[in-house]
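Contents: one structure, followed by commentary.
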Number of protein chains: 2
Amino acid sequence: MAAVPSRRERARTATAQEILATARALLVASGPSAVTLRAIAREMGMTAPGLYRYVASHEDLLVQLIAELYGELTAALERARDAVGPDVAARLLAVSRAFRTWGLAHRAELGLLFGSPLPGIDTPPGSETDEAGRRFGAVFLGLFAELWAQQPFPVRADDEIDPRLVDELTAWRGVEGGMPYGALEVFLHCWVRLYGAVVVEAFGHVGFALTDAEPLFERELAVLGEMLGLPYAPP
Amino acid sequence: MAAVPSRRERARTATAQEILATARALLVASGPSAVTLRAIAREMGMTAPGLYRYVASHEDLLVQLIAELYGELTAALERARDAVGPDVAARLLAVSRAFRTWGLAHRAELGLLFGSPLPGIDTPPGSETDEAGRRFGAVFLGLFAELWAQQPFPVRADDEIDPRLVDELTAWRGVEGGMPYGALEVFLHCWVRLYGAVVVEAFGHVGFALTDAEPLFERELAVLGEMLGLPYAPP
DNA sequence: ACGCTGGAGTGAACGGTGTAAGCAACGTGA
DNA sequence: TCACGTTGCTTACACCGTTCACTCCAGCGT
């Protein structure tokens, strides 16, 4: 790779960046259906077919956008993690709260990342989007592994776990080595519950009873922490 | 209301039904973006403007579709509930499993009901969609109230609960009277976790580790049952 | 039995969308 | 300087939601 990119290359990456930024702006301003090739081009002072020099299709644009949003969310989580001290319990709380905060502040983006998958948008293993999602998960998984190393929480023994689950975890453990099946099970369990707590609120599916689900979310954090043997501290 | 609808009225309701059925078929076949007025009309052998005799707009069509899907899901839950005996614990398990089963078998529909809300689609209180959603929730809430009446589970006292949460629950309790704040809190907690467990799998957000999350789901049911003092029985 | 009314459905049209093909202009390396 | 690859534009096509003017016919009152 050229250490000093040529003038054309600089212009090209700048335009590519501007396309994603404009798409992002349209997304937050008017929802996913507004992130349209023609609208982006209009906003940038060019025409839609010109964008095809940078994106292969509308779908490809959305895939790129999702990858970038994953990156931004991951960065926000890492900032929150590093803003508190090195204590793992505090870091897990901070990262979880940052996830909820980002999701509520960026509902449209959260819908793109964690809502029902749009048909035609698939993220095969190894794709940029898949990798970005993996980096997102690694923030949680890293803290989890650290917690397990420092201060193991109670888990089920291998022979207490549904053998089908063990089978599936085996393949994944190849990648995420180091923790026993029981700990991986607890990790997935925590992910499911954190996902649910954030997404149900952001998508408005506790709205029938609550307008602000923060107390419910904090309660969930407390219960999860208890399961992991962690102290709970209010925000 | 006329006891015997006129010929024209019968034709009208039949067409209205066919529109929704065609929309549904397109949804499951090709995703939400394929449920298009022109495609529905094409499928039915008529032209798009003709549909405007039956739906006010594309958005209105989606709202009607959502209401119908809520109805279908609710019927499936009630069938599952009534298929087991009158035991509340067994019924709660059956209904929860039926929710997951329906969601996995109808991912596109689940996305419409519980995914990120489409902009422009709002369900004001009292709307048909809102009522349909309420009837869906009533299946769970009814069983919960029955359980509370028969065999109360441990809940927090009123003064242990975040006062902001109490405030919000007060308005809702007006509708769902009978249970103390602590029990309502537990109900919402259970809803959040059930929602998360079903949606995270149906939307593919545990796919990084598992292809079949049933063992994880059953584990969650067991933990939830424990919280409610209920025996767990595998499916 | 007749005529009228109102609902069902059509065709054309407008502005929006994604996308393909061909063409003009311009930076870049020989 | 010159050829070339890249960039972006114009044009064009098919599809979308939606409106409007229009035809047609079932069903009603007389």
Side-chain angles (χ1 to χ4, degrees), chain A residues 1-23 25-27 29-66 112 118-122, chain B residues 1-23 25-27 29-66 112 118-122:
Chain A
M1 55 177 66
V4 44
S6 76
R7 175 182 186 78
R8 223 164 31 191
E9 278 168 350
R10 269 183 292 131
R12 179 172 182 83
T13 62
T15 318
Q17 282 295 109
E18 188 184 351
I19 289 175
L20 284 181
T22 311
L26 286 167
L27 173 66
S30 320
S33 68
V35 39
T36 229
L37 288 179
R38 290 188 129 99
I40 294 170
R42 208 179 303 129
E43 208 81 14
M44 293 176 61
M46 58 186 288
T47 62
L51 294 182
Y52 276 76
R53 301 287 174 190
Y54 299 89
V55 297
S57 65
H58 181 67
E59 175 196 331
D60 175 62
L61 169 77
L62 290 183
V63 168
Q64 288 188 38
L65 183 57
I66 289 176
L112 220 50
L118 283 67
I121 308 255
D122 57 351
Chain B
M1 52 177 68
V4 44
S6 75
R7 175 180 185 79
R8 260 229 281 248
E9 275 168 349
R10 271 182 292 130
R12 182 174 177 82
T13 61
T15 315
Q17 282 295 109
E18 189 184 350
I19 290 174
L20 285 182
T22 312
L26 286 167
L27 173 67
S30 320
S33 68
V35 38
T36 220
L37 287 180
R38 287 188 130 102
I40 293 171
R42 208 179 304 128
E43 208 79 15
M44 294 176 59
M46 56 186 287
T47 61
L51 294 183
Y52 277 76
R53 300 278 173 192
Y54 300 89
V55 297
S57 66
H58 181 67
E59 175 195 333
D60 174 60
L61 169 78
L62 291 183
V63 168
Q64 287 188 39
L65 183 57
I66 289 176
L112 217 51
L118 284 64
I121 306 253
D122 56 350

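Since the model is a prediction, treat every value here as computed from it, not as a measurement. The analysis underlying the following values was restricted to heavy atoms, covering all of them including side chains, and did not include hydrogens, waters or symmetry mates.
What you find for B:L112 and B:L27 is that their closest heavy atoms are CD2-CD2, 3.9 Å. Counting all heavy atoms, side chain and backbone alike, B:V55 lies closest to B:D60 at CA-OD2, 3.6 Å. Residues A:A23 and A:I40 share a closest heavy-atom pair of CB-CD1, 3.7 Å. Between A:Q64 and A:Y54, the shortest heavy-atom contact is NE2-O, 3.9 Å.
Counting non-hydrogen atoms under 4.0 angstrom, B:T36 reaches the backbone sugars and phosphates but no base.
A:R38 contributes a side-chain N or O that forms a donor-acceptor pair with the base of C:dG18 under 3.5 Å.
Checking D:dT19, C:dT10, C:dG18 against the side-chain heavy atoms of B:Y52 singles out D:dT19 as nearest. Distances were taken from every side-chain heavy atom of A:A39 (C-beta onward) to each of D:dG17, C:dT19, C:dT17; the shortest belongs to C:dT17. Out of C:dG18, D:dT18, D:dC9, the shortest distance to the side chain of A:T47 is found at D:dC9.
When rounded to the nearest whole Å, the span between CG of A:L26 and C1' of C:dG18 equals 16 Å. Distance NE2 (A:H58) to C1' (D:dC15): 14 Å, rounded to an integer number of Å. Here C:dG18 presents its C1' atom at 13 Å from CZ of A:R42, a figure rounded to the nearest Å. Regarding A:I19, its CD1 atom lies at a distance of 8 Å from the P atom of D:dG8, rounded to whole Å. Rounded to an integer number of Å, the gap from CG of A:L62 to P of C:dG18 is 10 Å. If you measure from atom OH of A:Y54 to atom P of D:dT7, you get 5 Å, rounded to the nearest angstrom. Distance, B:I121 CD1 to D:dG17 P: 13 Å, rounded to whole Å. At whole-Å resolution of the value, CD1 in B:I40 and P in C:dG9 are 14 Å apart.
For the OP1/OP2 pair of D:dT7 and a distance below 4.0 Å, the side-chain nitrogens and oxygens of A:R12 include at least one atom meeting the criterion. In this model, the phosphate group of C:dG27 is not approached by any side-chain N or O of A:R10 to a distance below 4.0 Å at OP1 or OP2.
Each of B:R53 and B:P49 lies near DNA chain D, and the nucleotide nearest B:P49 is the one positioned closer to the 5' end.
Here A:E18 contributes atom CD and A:E43 contributes atom CD; the two are 9.5 Å apart, rounded to the nearest 0.5 Å.
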